[in-house]
Protein chains: 4
Amino acid sequence: MATAPLEPRKAPRQARSRHTRDAILTAAGGILAANGLRGLTTNHVARAAGVSIGALYQYYPNKQAIIGALLTQSRADLLAGMEAAAEAVEGEALEVVVCAMVRARLRQLFEMAALAEALERAEAELPADPGIARLRTRVQAQVVGVLAEYYVDDPETVARDVLAMAEGMAHAAVRAGEAGFAPLVERIERAVTGYLAGVVPEA
Amino acid sequence: MATAPLEPRKAPRQARSRHTRDAILTAAGGILAANGLRGLTTNHVARAAGVSIGALYQYYPNKQAIIGALLTQSRADLLAGMEAAAEAVEGEALEVVVCAMVRARLRQLFEMAALAEALERAEAELPADPGIARLRTRVQAQVVGVLAEYYVDDPETVARDVLAMAEGMAHAAVRAGEAGFAPLVERIERAVTGYLAGVVPEA
Amino acid sequence: MATAPLEPRKAPRQARSRHTRDAILTAAGGILAANGLRGLTTNHVARAAGVSIGALYQYYPNKQAIIGALLTQSRADLLAGMEAAAEAVEGEALEVVVCAMVRARLRQLFEMAALAEALERAEAELPADPGIARLRTRVQAQVVGVLAEYYVDDPETVARDVLAMAEGMAHAAVRAGEAGFAPLVERIERAVTGYLAGVVPEA
Amino acid sequence: MATAPLEPRKAPRQARSRHTRDAILTAAGGILAANGLRGLTTNHVARAAGVSIGALYQYYPNKQAIIGALLTQSRADLLAGMEAAAEAVEGEALEVVVCAMVRARLRQLFEMAALAEALERAEAELPADPGIARLRTRVQAQVVGVLAEYYVDDPETVARDVLAMAEGMAHAAVRAGEAGFAPLVERIERAVTGYLAGVVPEA
DNA sequence: GATGAATGAGAGTTCATTCAT
DNA sequence: CATGAATGAACTCTCATTCAT
């Protein structure tokens, strides 16, 4: 038995694999953004991804898994963005740091508004997945960590409030057809700063 | 897709009639709150209402109409609540009036949290109905009117921001399992007041 | 026990009865002509007749009975028309008499083209009713009688052929949107006369 | 009501595919012939074809499309038959050519009498489809072409009359249970010839 | 008798998922 | 492994008919 090289043969296969997986996810995201959960059918996704329905089921065991992957991806992106944002302003005043993180979240919401909203609705509509819920928690934990460093009281609640406030305003603005990103961010930062003012312990 | 007529098909003439109509709506609300749009099937609603599927379709021309009726009812309730709240504090300072209206909204959100959230998701998922959209507009117009009386600049945007902020925080609190209503209201009012401070023209 | 007059009390009731029956039939005829068998629903008929669905079922035991009554009425009318036509030309040459009868049939077909066609389709689509079939036979028997008087061979077949030829041409003309009655009748009579020429024994 | 697409949904790529398509059409034809439009339900067709309801809808987008395919097939067959018949007697006298074409039509009517009749009723009952109507027109155009070659006046009307006359007589004969094909054809040809005699310009 | 609210079998259609090829 | 034909439970909605009032 000759020792045949195994890696070379496997690598391209994995590369193709990865490409197919991504194509499916991209197609699903586009459809979800455009047509909502109602329009997201597995056959439609497969066709849009240029993949047979059988292949789709080879990569994702069921429809939920596709939505789950989409959510995971989106949350992971967000987490990375927020971490980067926080690092960039490390050591500055509380509002500055929190606002930087909020801005990271807003950027994602704005960039793919339709998908982000549809994804959240989908998550609420579907049976809860602990793995995905955990990712959401980690996003908040990120903010909680910063708040704790500044000795903010009840940082969990504050983190939740700040993110919810920002997301609520952003969604409403997008739905209302507000065009510019900057003015919205300014208003949200004003609200966040105002809220934090009543929370930060006097230095 | 043609916009289906959302108005109830038949005006209740007999007493039994009215009861059936209400039973259907109540059942639909319960199911929507408990199982989301996915679980809301016409047969399921009929069974839960203790009514035959035929009877259901005698009162609502299609499934959408049921959701529409639910939304209309909820919006009309809200509108009435906000009007009452505003009247009760007429003439007081801006934050007081706005917070009163916001509190009316929060009360509704809290009282029937699951239904309120599910209804909003349903609305987003469904083809837009002008009649229902108009009711939503009227809720905001209510706030806009008050803001204009106090010479607030760009009252539409401010109204939207304030409501969105409050709703966002409330939803997040409910989802996180926060129990008490009072502390949440206090935090939200702090945020609203803080936000308004940067908006009110100096008296 | 006083011998109360029974007739007077019953007569008006029967009169109203008869009126309701007719209203239902008229409404059904109109709907059948306009919307075909598919559009003929009992509820629709009742509403169009200004009668409750319950009342409709008091007069006709089921939907089929309504269609049956419509067919019976139409056949009876036809029979009367043909009898009158035949009497008016009694004693004249064969083609004259046959053409008079054919003209009676054509007049009915033309006057209520849509209804006549819809009725025939309905009859074919529905389970056969011996009572109605018998009426159809009597229409042919009418022609058969005349043919026999003129010693035509196999009068049943000839009667059938003549009527079928005329009806076929008339239906096609109506469907094609032919407007005038006279030219059509002329063409049909030409065909009938031509056909009969090969059938009549030399006088 | 929008005119639904009548073309088959999917072109058969695998052999199995083609078989399923055909099985569905055959089953539908059988049921239509036996039970009429009323008995033609998609579930019934699927079961009779030995196919799941899902498969049926993979090949035909809706029930109408099945009927449409049946009609198209029947008309195409007829067209081919008439073309062949006309070619076989090219150059002969007018009545000979016309009778040949009529005979082609009669052969079809006789071979699948029940289906042919049911199909025609179905067509009348259903919303008109331009594609199918065009095929019907082409059948008549075929006859019109021949008539024009012989300088017949108003060939459209004559073509319509001749076909209608033949079809009417044939339907009536079939319905009456006439067994032999030959005597019927003879009578019809007599009628057609008689009718044409009044139409052909003297050579 | 009249009314019309109620019934429910059953129609057309969709779509997540499986499995022979 | 990929393909796509096939499956069938489940969904929305209709309509002939019944029956309490």
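Labels below follow one simple rule: chain letters A, B, ... track the order of the sequence lines, proteins then strands, and each chain is numbered from 1.
Between B:Gln58 and E:dG4 there is no side-chain polar atom (N or O) within less than 4.0 angstrom of OP1 or OP2. Taking 4.0 angstrom as the limit, B:Tyr59 places a side-chain polar atom (N or O) nearer than this to OP1 or OP2 of E:dA6. Residue B:Thr42 places none of its side-chain N or O atoms closer than 4.0 Å to OP1 or OP2 of F:dC11. Taking side-chain N and O atoms only, B:Thr20 has a distance below 4.0 Å to OP1 or OP2 of E:dA6. Contact between the side-chain N/O atoms of B:Tyr57 and the OP1/OP2 oxygens of F:dC13 is found at a separation under 4.0 Å.
Rounded to a whole Å, the CG atom of A:Leu37 is 13 Å from the C1' atom of E:dA16. One atom, CG of C:Leu56, and another, C1' of F:dC15, lie 13 Å apart when rounded to the nearest Å. For the pair A:Ile53 CD1 and F:dC1 C1', the computed distance is 16 Å after rounding to whole Å. Nucleotide F:dT18 holds its C1' atom 17 Å from the NZ atom of C:Lys63, rounded to whole Å. Rounding to whole angstrom units, CD1 of residue C:Ile67 and P of F:dC15 are separated by 14 Å. Between C:Ile66 atom CD1 and F:dT17 atom C1' there is a gap of 12 Å when expressed in whole angstrom units. The CZ atom of B:Arg47 sits 12 Å away from the P atom of E:dG8 (whole-angstrom rounding). Rounded to whole angstrom, the span from the CG atom of A:Asn43 across to the C1' atom of F:dT3 amounts to 12 Å.
Judged by a 6.0 Å distance limit and a 45° cone about the ring axis, A:Arg21 is positioned over the six-membered ring of A:Tyr60.
Side-chain proximity of A:Thr41 to the nucleotides E:dA16, F:dG4, E:dT3 is greatest for E:dA16.
Along DNA chain F, the nucleotide nearest to C:Gln64 and the one nearest to A:Gly54 differ in position, and the one closer to the 5' end is contacted by A:Gly54. Checking C:Arg38 against D:Ala55, the closest nucleotide of DNA chain F that is more toward the 5' end is the one next to D:Ala55.
Side-chain atoms of A:Thr26 come within 3.5 Å of backbone atoms of A:Asp22 as a donor-acceptor pair (strictly under, hydrogens ignored).
Contact check for D:Arg121 versus D:Leu37: no side-chain heavy atoms found under the 4.5 Å cut-off.
If you take CG on B:Leu25 and OH on B:Tyr59, they are separated by 13.0 Å, rounding to the nearest 0.5 Å. In this structure, CG in B:Leu71 is found 9.0 Å from CG in B:Asp129, a value given to the nearest 0.5 Å.
Nucleic acid contact class of C:Val51 (heavy atoms, under 4.0 Å, all strands): none.
Searching all strands for a Watson-Crick or G-U wobble partner of F:dC19 with both distances below 3.5 Å returns E:dG4.
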